[in-house]
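Structure below; questions to follow.
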Amino acid sequence: MTGGRALIDGWPGETRAAVLTPADDGGEALNELLIQRADRPSLTGNLYLGRVVARDRGLNAAFVDLGLARPGLLPLKAAPDRLQEGAGVPVRIVREPSPGKGPKLAPAADAPETHAQPPALLAQATPLIDLLRRAEPDAILVEGAGRLRALADAAPDLAGRLRGHTGAQPLFEAAGLNAAIDRLLDAEVPLPGGGQLLIEPVRTLTAIDVDAGQADARGGRARQALAVNLRAAAEIARQARLRALSGLIVVDFLDLETKSDRQQVARALEAGFAGDPVETSVSPMRASGLVEIARQRIRPPLHELLSLPAGRAGRVADTATLAYDLLRRAWAEALANPGRQPVLVAHPDVLAELDGRLEDAHAALARALGAAPGRRGDPTRPRTAFDILLA
């Protein structure tokens with residue numbers, strides 16, 4: 001993918017990057033999204049000198065201590081011969097840890113020589129720079145002078161396309177991206193022309209159901225089902241990429257009467273994933289309409305990064321996500337109302353994040369405003385509801 005533009009913003013502790021490309025309607029389409037949190041860093045691509053802590057003959061693998069919460073799994077078929085417990089081994093993370101599991105590893109033959117004692121981090125991956133180099137946008141707009149300088153220093157090859165954002169609105173707000181990111185946490189995804197997807201991540205897989213809804217039924221039920229399924233195939237690939245869905249994804253398409261129709265939808269689904277940089281495999285469609293997709297886990301899915309499970313209610317944004325939203329809204333109101341000081345009105349749990357995980361982000365907002373914003377805790381309001389008053 002080339003062309004379009006990339007937008008980068010963030011506060012201390014969080015960086016967001018979006019790649020927009022020209023759409024058929026003359027506007028822009030969101031094609032790539034990366035959100036990085038300092039408290040939940042992506043580990044895929046990191047290079048370590050690990051220490052073998054155990055071998056498992058049944059798995060034909062070794063467990064390797066990387067200094068993380070859980071050891072990584074190194075398949076022995078690709079590892080050096082006679083790898084013994086206690087030995088140091090250079091490895092690279094190729095699959096992000098998932099809840100309750102450690103990362104998957106591969107031998108790192110390109111590791112530099114080191115005198116470090118295992119476990120030790122030897123080199124850290126650069127997901128943001130990797131995204132920008134792969135997407136090759138014509139322009140890269142960056143909010144914040146410090147972030148602009150840091151990116152230019154880290155990737156001199158991108159410097160010619162870097163531009164600072166100086167608009168009257170925050171960068172993502174002006175592009176409508178804050179609302180677009182919020183929608184990526186919704187279970188229901190409308191399809192153009194009618195129908196919808198229902199996306200439900202659970203512990204072991206992600207289930208996606210295709211619903212015809214109020215789709216146009218002209219041409220007969222069979223033609224309607226095929227048309228909805230074809231639209232769904234393209235949107236499923238897009239949603240998987242934007243939401244960073246991974247592992248097993250099971251899609252329940254609308255029933256189709258003929259094998260040729262099922263093959264047509266399967267080809268459309270494969271075409272949708274064709275440009276996906278993440279390793280993905282798509283199974284043939286069963287007569288029942290079920291398709292299984294296996295997508296490599298290269299970073300935490302968006303729902304794990306930004307939300308928490310809430311029982312039958314699905315998922316809800318966690319307090320750190322809500323607090324970042326609060327800071328962004330306060331900055332937008334301050335830009336729109338020069339000389340006025342924002343007062344943050346929110347649930348005390350959300351405001352407490354400003355003295356905890358978001359302490360540096362809150363301090364950055366205070367510096368930008370010239371003084372710390374006011375606060376007013378309201379325990380009676382839902383955590384997701386906040387207001388910005390102007391003093």
Side-chain angles (χ1 to χ4, degrees), residues 7-18 33-42 99 128 142-144 146-147 165 169-186 243-244 299-311 313-337 340-391:
L7 280 58
I8 302 170
D9 83 344
W11 293 93
E14 182 184 68
T15 298
R16 307 188 300 173
L33 177 68
L34 173 67
I35 299 180
Q36 297 176 286
R37 286 271 183 88
D39 61 342
R40 289 287 307 279
S42 176
L128 174 59
V142 184
E143 187 167 67
R147 188 174 295 105
H165 173 67
Q169 284 184 297
L171 181 57
F172 271 45
E173 185 71 21
L177 289 174
N178 289 332
I181 292 171
D182 288 343
R183 289 194 295 271
L184 291 174
L185 295 176
D186 290 344
R243 296 177 185 231
R299 64 177 185 264
L302 203 63
H303 63 270
E304 287 183 14
L305 192 66
L306 303 182
S307 67
L308 297 169
R315 302 188 71 91
V316 294
D318 69 5
T319 50
T321 296
L322 296 170
Y324 275 118
D325 288 344
L326 182 64
L327 295 184
R328 280 191 284 269
R329 175 50 54 192
W331 179 236
E333 291 292 339
L335 288 178
N337 299 275
R340 308 283 301 274
Q341 194 71 2
V343 178
L344 317 180
V345 184
H347 191 281
D349 289 351
V350 176
L351 294 178
E353 291 284 4
L354 304 182
D355 299 317
R357 287 185 288 180
L358 273 68
E359 181 180 10
D360 291 342
H362 179 243
L365 177 62
R367 289 192 298 271
L369 295 173
R375 300 193 208 177
R376 187 180 302 170
D378 181 359
T380 65
R381 67 174 54 216
R383 293 180 180 178
T384 55
F386 58 80
D387 291 312
I388 305 296
L389 306 180
L390 295 170

Can you see which heavy atom on Leu390 is nearest to which on Pro342, and at what distance?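 For Leu390 and Pro342, the tightest heavy-atom pair comes out as CD2-CA, 4.2 Å.
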Mind listing the closest non-hydrogen atom pair of Ala361 and Tyr324 along with its distance?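 Minimum heavy-atom contact is CB-CE2, 4.1 Å.
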Where Pro170 and Glu143 come nearest, the two heavy atoms and their spacing: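 Minimum heavy-atom separation between Pro170 and Glu143: CA-OE2, 3.2 Å.
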Residue pair Gln169 / Ala174: nearest heavy atoms and the distance that separates them: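 So the minimum-distance heavy-atom pair works out to OE1-CA, 3.7 Å.
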Indicate yes or no: at least one non-hydrogen side-chain atom of Phe172 is less than 4.5 angstrom from one of Leu7.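 Phe172 reaches Leu7 side chain to side chain.
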Looking at every non-hydrogen atom in both residues, tell me the closest pair between Arg329 and Glu173 and how far apart they are.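 So the two residues come closest at NH2-OE2, 3.3 Å.
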Pairing donors with acceptors under 3.5 angstrom, does anything connect the side chains of Ser42 and Arg299?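 No.
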Salt-bridge contact Glu333-Arg340 (side-chain N to carboxylate O under 4.0 Å):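 No salt bridge links Glu333 with Arg340.
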Kindly indicate whether the side chain of Leu358, heavy atoms from C-beta on, has any atom under 4.5 Å from the side chain of Trp11.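 No, every pair of side-chain atoms sits at 4.5 Å or beyond.
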Could you check whether any side-chain heavy atom of Arg315 comes within less than 4.5 Å of a side-chain heavy atom of Leu185, counting everything from C-beta outward?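 SC-SC contact between Arg315 and Leu185 ruled out.
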Go through the steps for Leu302 and Leu33 under the test side-chain contact (heavy atoms from CB on, under 4.5 Å), then give the verdict. CA-CA 10 Å; Leu302 203 63; Leu33 177 68; 4.2 Å; yes
Gap between atom CG of Leu344 and atom CG of Leu354 - 0.5 Å precision: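 Output value for this atom pair is 6.5 Å.
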At what distance, to the nearest 0.5 angstrom, does CD1 of Ile388 lie from CG of Asn337?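 So the gap between those two atoms works out to 11.5 Å.
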Residue pair Trp331 / Leu365, side-chain heavy-atom distance below 4.5 Å: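 Result yes, sub-4.5 Å side-chain heavy-atom pair found.
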Can you tell me how far apart CG (Asp378) and CZ (Arg375) are? Round to the nearest 0.5 Å.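 Going from CG on Asp378 over to CZ on Arg375, the span is 15.0 Å.
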Measure the CG-CD1 distance between Leu34 and Ile8 for me, rounded to the nearest 0.5 Å.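 Separation between the atoms: 9.0 Å.
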One thing to verify: whether Asp9 and Arg147 come together as a salt bridge, which I'm taking to mean a side-chain N less than 4.0 angstrom from a carboxylate O.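 Looking at Arg147 and Asp9, the cut-off is not met.
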Can you confirm whether Glu14 sits close enough to Thr321 that some side-chain heavy atom of one is under 4.5 Å from a side-chain heavy atom of the other?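 Not in contact.
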Is the shortest heavy-atom distance from the side chain of Leu322 to the side chain of His347 under 4.5 Å?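 Leu322 does not reach His347 side chain to side chain.
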How close do Arg40 and Pro300 get, heavy atom to heavy atom, and via which atoms?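 Minimum heavy-atom contact is NH2-CB, 3.5 Å.
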Answer yes or no: is there a side-chain heavy-atom contact under 4.5 Å between Leu326 and Leu351?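 Yes, their side chains come closer than 4.5 Å.
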Once you round to the nearest 0.5 Å, how far does OG1 of Thr384 lie from CG of Asp325?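 Rounded to the nearest 0.5 Å, the OG1-CG separation comes out at 10.5 Å.
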With no hydrogens and no angle check, just 3.5 Å: does a side-chain donor-acceptor pair link Glu353 and Thr319?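 Indeed, the side chains of Glu353 and Thr319 share at least one donor-acceptor pair under 3.5 Å.
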Any Lys/Arg nitrogen of Arg243 or Asp186 sitting under 4.0 Å from an Asp/Glu carboxylate oxygen of the other?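 Salt bridge: no.
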Between His303 and Leu184, is any pair of side-chain heavy atoms under 4.5 Å apart?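 The answer is no, as the side chains (C-beta and beyond) never meet within the 4.5 Å cut-off.
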Enter the distance from Arg328:CZ to Asn178:CG here, rounded to the nearest 0.5 Å.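 Reported value, rounded in 0.5 Å steps: 5.5 Å.
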